[in-house]
Amino acid sequence: MQLREGRSLLLLTETCKSLRHAYQIHAQIVVNGLQRHLYSLSKIFSFFALFGCPESLGHARLIFSGTKSPNVFMWNTMIRAHSLSELHHEAVLLYPAMVAKARDLPNNFTFTFLLNSCARLAAPGPGFQIYGHVIKLGFEPDIFIRNALMHFCCSSGLADCARKLFEESSARDLVSYNTMISGMAQMCKPHAALSLFQEMSDSGIWPDEFTFVALCSACSGLNDHGLAKQIHNLVYRYLGFVDCSSGAHLVGSVIDLYTKCGEMDMARKVFSAFQPVKSLPALSSMVSGYARAGKVELARQIFDRVNKRDTILWTAIISGYSQAGRYDEALELYKEMEKSGLKPDQVTLVAVLSACAGLGALTVGERINNQSLRARFFGRDAILVTAVVDMYAKCGKIESALEIFRDVPDSQRTTHLFNAMITGLAQHGLGETAVSVFREMESTKVRPDEVTFTGLLCACSHSGLVEEGRSLFKLMSEFYGINPQMQHYCCMVDLLGRDGKLDDAHDFIRTMPFEANSVIWRSLLGSCKLHGNVEMGKIASAKLLELEPDHGARYVLLSNILATTKQWEEAGRVRKGMEQRGIQKPPGWSYIEISNGTVHQFTASNYRSHPQKEEIASKLRDMNSRLRTAGYAPSTVDVVFDVDEEEKETIVSHHSEKLALAFGLLNSGPGEVLQIMKNLRICGDCHLAFKLLSKAYAREIIVRDTARFHHFRNGLCSCKDFW
DNA sequence: ATAGGGTTAG
């Protein structure tokens, strides 16, 4: 076809329908030497630029760089195209080039597109520069640009700046309100969002779908089911019947709002009635909502029925299992996800790492950490770093946790990260280090919270830092204004009791602003045991029985105490009462991970079905003979103050950690450190046995129980026999 | 101009 002049060219470019067609038209323009018809050229150029695939954008770039002096429309299209392809940095960099070369000045479209990209950049710097140009060139009154400026401010956390722009606007339209409400949602200011909504309806502006999507997301963190219902009602009042066709996003947002405040019945209702074709966001909301409500099975049912899953849905179910403490199943699901070919992102890795931390699965955890390093997620995500530090600490590698923590720059250290580090150090009995990390926290002006002090006080009590603990307890309320909670008192009672200040500890309990719970009495009892104070032990155990009548250990405890004071009849009655109520101690289990990364679980006295049962039995015999050689005798004092959570059988009892140890000794090389996780506190017998065995086998053994880590080495334990 | 999944303690 012969193209002779601009008019026929224009007609042709305007009928362009497919990418192939566009290539043909462009070829004809080039063949006929018609590039000088800039208006037509820019039309076909914008088709390529906005088509939305990397290849067509590449072609658009070619056309653009071959054009001698592009007009503003072409520059704007370039910026817009990069912005739509999430290439915000490139979009912003086009602006200086444009100012230097363009024959026309930037217009309002230029700034709207640019500010949109600035809003999505991590740093506010470029946006500020553009802001300056907007003022210089007199575009500030333009409502589109004002809205774009507000959007930029909100996305960069500049709430006051956004608020000022909004207040000083002579005209505020629907988009102004929507932008502000959605900005308040992003900045977690739900009350500001609500009052903006109120203001909006007072000024007669009718809200739309966008308004409610923003309002739902702003209020989803409030955990207020009454408010959720009110917002749902408002949607009806203003928009009438909303279903998937008229507002797919909005339905999803309402569902999410309900799931976040635990209203799963309402969420389910909206989900089944108004979303005939289930959207992935709504599915993810439902899955994590059920999981958060402790209904993992229901979450799983929904998950299983989805054919096309994405990373977010997988993450929802994995973290659901992890939060429910079903760590092994969480890891299984993660394996399945990998098999399906989907790539995890930061959030997925956080969920998996927390499962590893729960299991003490170091090998898997390290693999996940390497993955996050390879994907360059690490260091850019504060939560991910926290999860990694926590994983290392809970897997026994406290030095690795510290190393990683040290590499995080001050600006990226959050309260959560400090808490994970301090808590980890506390569990390893490294009280002095925990306190010095806290001093760092104070000097970097990261605000401690109640979790920080729980960790700190716990660290002090595990390391016997009595005076330090007392002064931190004061600091918490007097300087930081944090009211001590039950766990803080609990740490203090532990701390004082351990130091032999039993009367002080008892006074502490009496002067508490609330009734002491069983944990506190149990802690006092532990101190009574350590310091041999039978009288106070009786008081504590009586309180325990009163508070936890269904807890088997308390019956045993009381009956033992009564027995020592020769109150045989009473002791028998307590025992009988316990049997009649069918109370048992909870089953104990232990995990051990061997070096091939597999995790093995053992329950007390149960290994008969294990494939290595013969070897385990013989190793147990070997362990017992070595124990006898080392002069092991079961502790009789212990029985009086039986604070153990697990039922004892014989001296040769096979508590789960002993089975795990036998298995570990069988399946590891000499000198390899063995690490065992236990679901209850380790008992006195096992503790003594492990100390002796660490020497007898010349092995370092690490046991993580519910309270802390025990590092057994050369006949001694890092807990110095207090736990 | 729109939605969904995450970390610390007890």
Side-chain angles (χ1 to χ4, degrees), chain A residues 112 116 119 144 147-148 150-151 154-155 173-183 185-186 208-217 220 247-257 259-260 278-289 291-292 299 303 309-320 322-323 344-354 357 377 381-391 393-394 414-424 426-427 448-459 485-491 517 519-520 706-707:
Chain A
T112 312
N116 184 38
F144 278 81
N147 290 340
M150 281 168 0
H151 178 53
C154 288
S155 307
D173 63 359
L174 175 63
V175 177
S176 317
Y177 276 102
N178 286 355
T179 305
M180 285 301 286
I181 294 175
S182 129
Q186 274 177 46
D208 70 351
E209 206 192 309
F210 290 86
T211 320
F212 286 110
V213 167
L215 200 62
C216 286
S217 99
S220 66
H249 285 147
L250 182 50
V251 177
S253 298
V254 171
I255 292 170
D256 186 56
L257 182 60
T259 63
K260 291 264 166 65
K278 310 302 182 201
S279 72
L280 274 171
L283 286 160
S284 304
S285 292
M286 292 298 289
V287 167
S288 55
R292 227 178 293 125
F303 175 83
R309 300 164 181 157
D310 67 357
T311 302
I312 295 185
L313 184 66
W314 274 104
T315 307
I317 194 74
I318 292 171
S319 77
S322 182
Q323 283 163 9
D345 64 8
Q346 296 101 299
V347 185
T348 321
L349 296 182
V350 167
V352 180
L353 281 166
S354 102
F377 290 146
D381 189 321
I383 298 183
L384 182 59
V385 178
T386 307
V388 171
V389 167
D390 182 53
M391 182 277 292
K394 290 221 175 88
T414 61
T415 302
H416 273 71
L417 178 63
F418 273 107
N419 290 354
M421 191 69 255
I422 290 172
T423 306
Q427 284 167 341
D449 63 5
E450 63 278 4
V451 180
T452 319
F453 283 100
T454 307
L456 275 172
L457 296 175
C458 197
Q485 298 164 337
M486 192 66 86
Q487 63 264 37
H488 301 116
Y489 284 100
C490 189
C491 291
N517 66 4
V519 185
I520 289 189
T706 42

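Just so you know, these numbers use all the heavy atoms, side chains as well, and skip hydrogens, waters and symmetry mates.
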With heavy atoms under 4.0 Å as the rule, sort [X] into base, sugar-phosphate or nothing.
| X | answer |
| --- | --- |
| A:T414 | nothing |
| A:T415 | nothing |
| A:Q186 | nothing |
| A:T179 | nothing |
| A:K278 | nothing |
| A:D345 | base |
| A:T423 | sugar-phosphate |
| A:L384 | base |
| A:N178 | base |

side-chain N/O A:Q346 vs B:dG5 OP1/OP2, d < 4.0 Å: no
Distance test, side-chain N/O of A:Q323 to OP1/OP2 of B:dT7, below 4.0 Å: yes
What's the closest nucleotide to the [X] side chain, out of [options]?
| X | options | answer |
| --- | --- | --- |
| A:A316 | B:dT2, B:dA3, B:dG5 | B:dG5 |
| A:D208 | B:dA1, B:dG10, B:dG6 | B:dA1 |
| A:K394 | B:dT8, B:dG6, B:dT2 | B:dT8 |
| A:V350 | B:dA3, B:dG6, B:dG5 | B:dG6 |
| A:D310 | B:dG4, B:dT7, B:dT8 | B:dG4 |
| A:D256 | B:dA9, B:dG5, B:dG6 | B:dG5 |

Could you check if a side-chain atom of A:L353 sits within less than 4.5 angstrom of a side-chain atom of A:L384, using non-hydrogen atoms only? yes
Test item: A:M486 and A:I520 side chains (from C-beta on) under 4.5 Å apart, heavy atoms: yes
